[in-house]
Amino acid sequence: RITLAAPDGRPLPKWSPGSHVDLLFDEYSRQYSLCGDPDDRSCYQIAVRKETDGRGGSRYVHERLAVGDVLRLRGPRNHFRLDPDARRYVFVAGGIGITPIIAMADHARRTGRDYEIHYCGRSTGTMAFLDRLARDHGDRLTVYRSAEGTRLDVQALLAEPAEGVLVYACGPQRL
């Protein structure tokens, strides 16, 4: 997790659950979902999974970025808006796809909306924010760990559509 703040301490632009920022460093421009508290304009929170076979952005963040470094960013922008008129939300996340989903689930909880979270990963040790999700959303959270033989049955989850229920999913292509 990385905390980003304005060097002069000024409030950052407003954002809503599902928003992302573009980090601009060296020759890289990468998008990262905001996963903090939209009401806290003193900073943004992002999470960056280190991908050794990635295109370089995550290696830069993990190997070169240091506390106090100044970064350029664009945004926030939101192409994954949470519909405020839904009767119920079903959130599905795979791996680091939990980052926009956690902000959405936090918002649903804060506003008293009905929701459930389905979080898929290889193993407990590879799943970001798992402790926080269990603490803040425990009874609404179902965790699936493929290395331990539990997998989300997407067909069963979506078998009976219901009026006013919206599904938000973020994760790897295979999800």
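Scored by the side-chain hydrogen bond (donor to acceptor under 3.5 Å, both in side chains) test, Arg140 finds Asp114 as partners (sequence neighbours excluded). For the side-chain hydrogen bond (donor to acceptor under 3.5 Å, both in side chains) test, no residue two or more places apart in sequence or in another chain qualifies with Ser146. Residues forming a side-chain hydrogen bond (donor to acceptor under 3.5 Å, both in side chains) with Ser42 (at least two apart in sequence, or on another chain): Asp40.
A donor-acceptor pair is defined here as one N or O able to donate and one able to accept, closer than 3.5 Å; no such pair exists between the side chain of Tyr115 and the backbone of Met104. Although no hydrogens or angles enter the test, the distance criterion places a donor-acceptor pair under 3.5 Å between the side chain of Arg113 and the main chain of Pro84. Here the side chain of His137 pairs no donor or acceptor atom with the backbone of Glu116 at under 3.5 angstrom. Under the 3.5 Å distance criterion, the side-chain polar atoms of Thr111 are matched with a main-chain donor or acceptor of His107. Side-chain atoms of Asp136 never come within 3.5 Å of backbone atoms of Leu133 as a donor-acceptor pair (strictly under, hydrogens ignored).
In this structure, Ile96 shares a hydrophobic cluster with no other residue, the cluster being traced through Ile, Leu, Val, Met, Phe, Trp and Tyr side chains under 4.5 angstrom apart.
Each of Val48, Leu4, Leu65 was compared with Leu23 under the side-chain contact (heavy atoms from CB on, under 4.5 Å) criterion, and only Leu4 meets it.
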(request) Report the C-alpha separation of Arg74 and Val21 in whole Å, then their side-chain angles, then the decisive distance to 0.1 Å, and conclude whether the side chain to side chain contact (heavy atoms under 4.5 Å, CB included) test is met. (result) CA-CA 6 Å; Arg74 276 191 302 256; Val21 293; over 6 Å; no
(request) In sequence, state the C-alpha distance, the side-chain angles, and the governing distance for Arg132 and Asp106, and then conclude on side chain to side chain contact (heavy atoms under 4.5 Å, CB included). (result) CA-CA 11 Å; Arg132 184 167 108 48; Asp106 288 347; 2.5 Å; yes
(request) Go through the steps to decide whether Leu141 and Tyr119 satisfy the test side chain to side chain contact (heavy atoms under 4.5 Å, CB included), and finish with yes or no. (result) CA-CA 7 Å; Leu141 173 67; Tyr119 186 16; 4.1 Å; yes
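Side chains of Thr124 and Arg145: a donor-acceptor N/O pair is present below 3.5 angstrom, by distance only.
Within a 6.0 Å sphere centred on CZ of Arg109, other residues, nucleotides and ligands contribute more than 12 heavy atoms. Open room surrounds CZ on Arg10; 12 or fewer heavy atoms of other groups in view lie less than 6.0 Å from it.
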Got a list of side-chain donor-acceptor pairs under 3.5 Å for residues 32-39, not counting sequence neighbours?
from: Asp37; atom 1: OD1; to: Asp39; atom 2: N; distance (Å): 2.9

Just distance, no hydrogens or angles: give the donor-acceptor pairs under 3.5 Å from side chains in residues 154-175, sequence neighbours left out.
from: Tyr168; atom 1: OH; to: Arg81; atom 2: O; distance (Å): 3.3
from: Tyr168; atom 1: OH; to: Asp83; atom 2: N; distance (Å): 2.7

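Residues Tyr144 and His118 come closest through the heavy atom pair OH-ND1, 2.8 Å.
Residues Phe80 and His20 keep their aromatic ring centres 6.0 Å or farther apart.
Under 4.0 Å is where a charged nitrogen must lie from a carboxylate oxygen, and between Asp22 and Arg77 at least one such pair does.
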